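Before any comments, here is the structure.
Worth saying up front: this structure is predicted, and the values here are computed from it rather than measured. Lettering of chains follows the sequences in order, A, B, ..., and the numbering in each one begins at 1.
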Protein chains: 2
Amino acid sequence: MACPPIEELNLLHNNICQALGDPKRIQILYALNEQPRHVTALADDLGMPQPTVSRHLRVLRQRALVTTQRDGPAVVYQLVDDRLIFVLDEMRQVLRDVLMRQSEVLS
Amino acid sequence: MACPPIEELNLLHNNICQALGDPKRIQILYALNEQPRHVTALADDLGMPQPTVSRHLRVLRQRALVTTQRDGPAVVYQLVDDRLIFVLDEMRQVLRDVLMRQSEVLS
DNA sequence: TTCATGTATTCGCCTATCCGAATACATGAA
DNA sequence: TTCATGTATTCGGATAGGCGAATACATGAA
């Protein structure tokens, strides 16, 4: 039950939490969980400019949350670990519950 | 397996991911999980200035991740839901596994 | 080598957020 | 009411991170 050492919390923050710091990156993670994709396919499917997607993917790649694989001139991105989505889903569930309890108190 | 609607992803981002966007706030969440505390106690235990802690707590409070309770002139903060820590621990575990696999590949 | 396709980066600007220092506010006791 | 304690906010400056537009780079086919 002890707090993890500060170095480990910084690791957690730098590698995962910071990567989740933009809603578009969360959207990209969910999209890649649904199916690995080319950069252009992601951009089309999510309605974002290609450079924007590429920049966000770089952030995710630098933090080792996605992996890449060449396919001719294209690059296929995929999630490095399904559990990232599980964790996001759990956060959504916690949020739902918290907001639910909160609205009950207010009523 | 479909992606959640963008509005829900924004909710998730605004309420939780953004709150995890500073390592000091993660530290505070872990500290509060260990034991609910006054602002000053938190500041002392974590070695942060009181206004800094207070500002971070406001962020957590506005996102409903902590609750408050008056105790004379002091204010006791506590985690709104234990699962927040479970989620953080799971993220740490995923990160450990990913980094482990990565170092195996490199060797 | 040249071109078409697909991806990554750079630039400049703008906004968000952090911090330290100072100060304002809230509570309860005397 | 006044004071001591504890908490919250404001201010200014610094930094980080986002975006659009333009451009550079990489790959494979011809």
#### Entry: Integer-rounded Å distance: C:dC19 C1' and B:D22 CG
10 Å

### Query
With nearest nucleotides of DNA chain C determined for B:P51 and B:H56 from heavy-atom distances, which residue corresponds to the more 5′ nucleotide?
B:H56

#### Entry: Expected output: side-chain B:R25 to main-chain B:Q18 donor-acceptor under 3.5 Å
yes

### Task
Name the residue closer to the 5' end of DNA chain D, choosing between B:V75 and A:V59 according to the nucleotide with the nearest heavy atom.
B:V75

### Query
Pick the nucleotide of DNA chain D nearest each of A:K24 and A:R70; which residue has the one closer to the 5' end?
A:K24

### Query
Are any of the side-chain nitrogens in A:D22 or A:K24 under 4.0 Å away from the carboxylate oxygens of its partner?
no

### Query
Do the side chain of B:R63 and the main chain of B:N14 share a donor and acceptor less than 3.5 angstrom apart?
yes

### Task
Determine the contact category for A:T52: base if any of its heavy atoms lies under 4.0 Å from a base atom, sugar-phosphate if only primed atoms, P, OP1 or OP2 are that close, otherwise nothing.
sugar-phosphate

## Note on the structure
Value for CD (A:E8) from CD1 (B:I26), rounded to nearest 0.5 Å, stands at 11.0 Å

### Task
Using chain B heavy atoms and a threshold of under 4.0 Å, write down where along DNA chain D the contacts begin and end, 5' to 3'.
D:dT5 to D:dT10

### Message
Count I, L, V, M, F, W, Y as connected when their side-chain heavy atoms are under 4.5 Å apart, and connections chain through other members. Are B:L46 and A:L11 then in the same cluster?
### Response
yes

### Message
I'd like to check A:N10 versus A:E7 (side-chain heavy atoms, cut-off strictly below 4.5 Å). Are they in contact?
### Response
no

### Summary
Stems with DNA chain C, 3 or more Watson-Crick or G-U pairs in a row (under 3.5 Å), are C:1-30 with D:1-30

## Note on the structure
Taken in chain and number order and not counting sequence neighbours, the residues that satisfy side-chain hydrogen bond (donor to acceptor under 3.5 Å, both in side chains) with B:N15 are none

### Message
Tell me the interatomic distance from B:Q50, atom CD, to C:dA21, atom P, rounded to whole angstroms.
### Response
14 Å

### Task
Would you kindly compare A:P73 and A:R55 by the position of their nearest DNA chain C nucleotide and give the one closer to the 5′ end?
A:P73

### Task
Please name the pair of heavy atoms, one in A:C17 and one in B:M91, separated by the smallest distance, quoted to 0.1 Å.
SG-CE, 3.5 Å

